[in-house]
Amino acid sequence: MMYTIKKVAEMTGISGHTLRFYDKEGLFPYVARDQNNVRVFSDEDLEWVRTVKCLRDTGMPLAEAKEYVQLCLQGDATIPRRYEMLRKQLQKAEQHLVEIQDRMNTLKMKTEYYKGVLEGKRQDLWNPVHFTRADRKPQRKEKDPSSMPA
């Protein structure tokens, strides 16, 4: 089956502009053109698109993604280098996942805290507006009644 840029964009979430740019940069080496010189992607091309999207979405710089594609085109002799590139990218993605999990845990803790505040089970003492610069301890602002906990 053959797909237009518009269809590939819908299927992958990559904009048509970015797909054209990536193609021009050589990241999709086998994309053909029809009689009107319009790019048409095969199912095999979609695999290249998905691979490049994965590499870029995990933070691989464009130059490295281009290098990876070029190594693929050079054949099996480059498998050790490709393996190493992907292994390093996997490590980066795993580290990013740990960082995201830490952020999610902080957000969960904060939402549970604020749920308790909303339910009247605790006072909102985490808001920096309640801190004084001198001792950095929570202080309630008496001037604004709307800032007082329920």
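These numbers were taken from a predicted model, which means no experiment stands behind them.
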>> For Q91, give me all partners under side-chain hydrogen bond (donor to acceptor under 3.5 Å, both in side chains), at least two apart in sequence or on another chain.
In response: R87

> Y68 and V52: side chain to side chain contact (heavy atoms under 4.5 Å, CB included), yes or no, with the steps?
Replying inline: CA-CA 9 Å; Y68 175 80; V52 168; over 6 Å; no

>> If the condition is salt bridge (charged side-chain N to carboxylate O under 4.0 Å, His left out), which residues does E47 pass it with, not counting sequence neighbours?
In response: R50

> For E94, what residues pass the side-chain hydrogen bond (donor to acceptor under 3.5 Å, both in side chains) criterion, not counting sequence neighbours?
Replying inline: none

> How many angstroms lie between OG1 in T58 and CG in L97, if you round to the nearest 0.5 Å?
Replying inline: 12.0 Å

Return all side-chain donor-acceptor pairs below 3.5 angstrom for residues 73-81, not counting sequence neighbours, or 'none' if the list is empty.
unit_1	atom_1	unit_2	atom_2	d
T78	OG1	L71	O	2.6
T78	OG1	G75	O	2.7
T78	OG1	R82	NE	2.9
T78	OG1	R82	NH2	3.3
R81	NE	E67	OE2	3.3
R81	NH2	E67	OE2	3.2

> Sequence neighbours excluded, which residues qualify as salt bridge (charged side-chain N to carboxylate O under 4.0 Å, His left out) partners of E112?
Replying inline: none

> Who else is in M2's hydrophobic cluster (ILVMFWY, side-chain heavy atoms under 4.5 Å, direct or via others)?
Replying inline: V40

> How far does SG of C54 sit from CD of Q89, to the nearest 0.5 angstrom?
Replying inline: 8.0 Å

>> So for atom NZ, which belongs to K110, do other residues, nucleotides or ligands contribute more than 12 heavy atoms lying within a distance under 6.0 Å?
In response: yes

> Do V98 and L90 belong together in a cluster built from hydrophobic side chains that touch within less than 4.5 Å?
Replying inline: no

> Does some side-chain heavy atom of W48 sit less than 4.5 Å from a side-chain heavy atom of V31?
Replying inline: no

> Hey, mind stepping through K115 and T111 against side chain to side chain contact (heavy atoms under 4.5 Å, CB included) and telling me if it holds?
Replying inline: CA-CA 6 Å; K115 181 179 179 187; T111 55; over 6 Å; no

> With a cut-off of 6.0 Å (strictly less than), are more than 12 heavy atoms of other residues, nucleotides or ligands near CE of M1?
Replying inline: no

>> If you apply the rule side chain to side chain contact (heavy atoms under 4.5 Å, CB included), what do you find for V8 with V49, and how did you get there?
In response: CA-CA 9 Å; V8 173; V49 172; 4.2 Å; yes

Only pairs under 3.5 Å count here: list side-chain donor-acceptor contacts from residues 17-29, not counting sequence neighbours, and write none if there are none.
unit_1	atom_1	unit_2	atom_2	d
T18	OG1	S15	OG	2.9
R20	NH1	G16	O	3.1
Y22	OH	R56	NE	3.2
D23	OD2	R39	NE	2.5
E25	OE1	K66	NZ	2.6

>> List the residues meeting side chain to side chain contact (heavy atoms under 4.5 Å, CB included) with K7, not counting sequence neighbours, and say none if there are none.
In response: Y3, T4, E10, M11

>> Are the side chains of Y30 and E44 in contact, using a 4.5 Å heavy-atom criterion?
In response: no

> Which residues pass the side chain to side chain contact (heavy atoms under 4.5 Å, CB included) test with N36, sequence neighbours left out?
Replying inline: D34, V38

> Under the side chain to side chain contact (heavy atoms under 4.5 Å, CB included) test, which residues partner I100, sequence neighbours left out?
Replying inline: H96, R103, M104

>> Under 4.5 Å between side-chain heavy atoms, counting indirect links through other Ile/Leu/Val/Met/Phe/Trp/Tyr residues: same cluster for Y83 and V69 or not?
In response: no

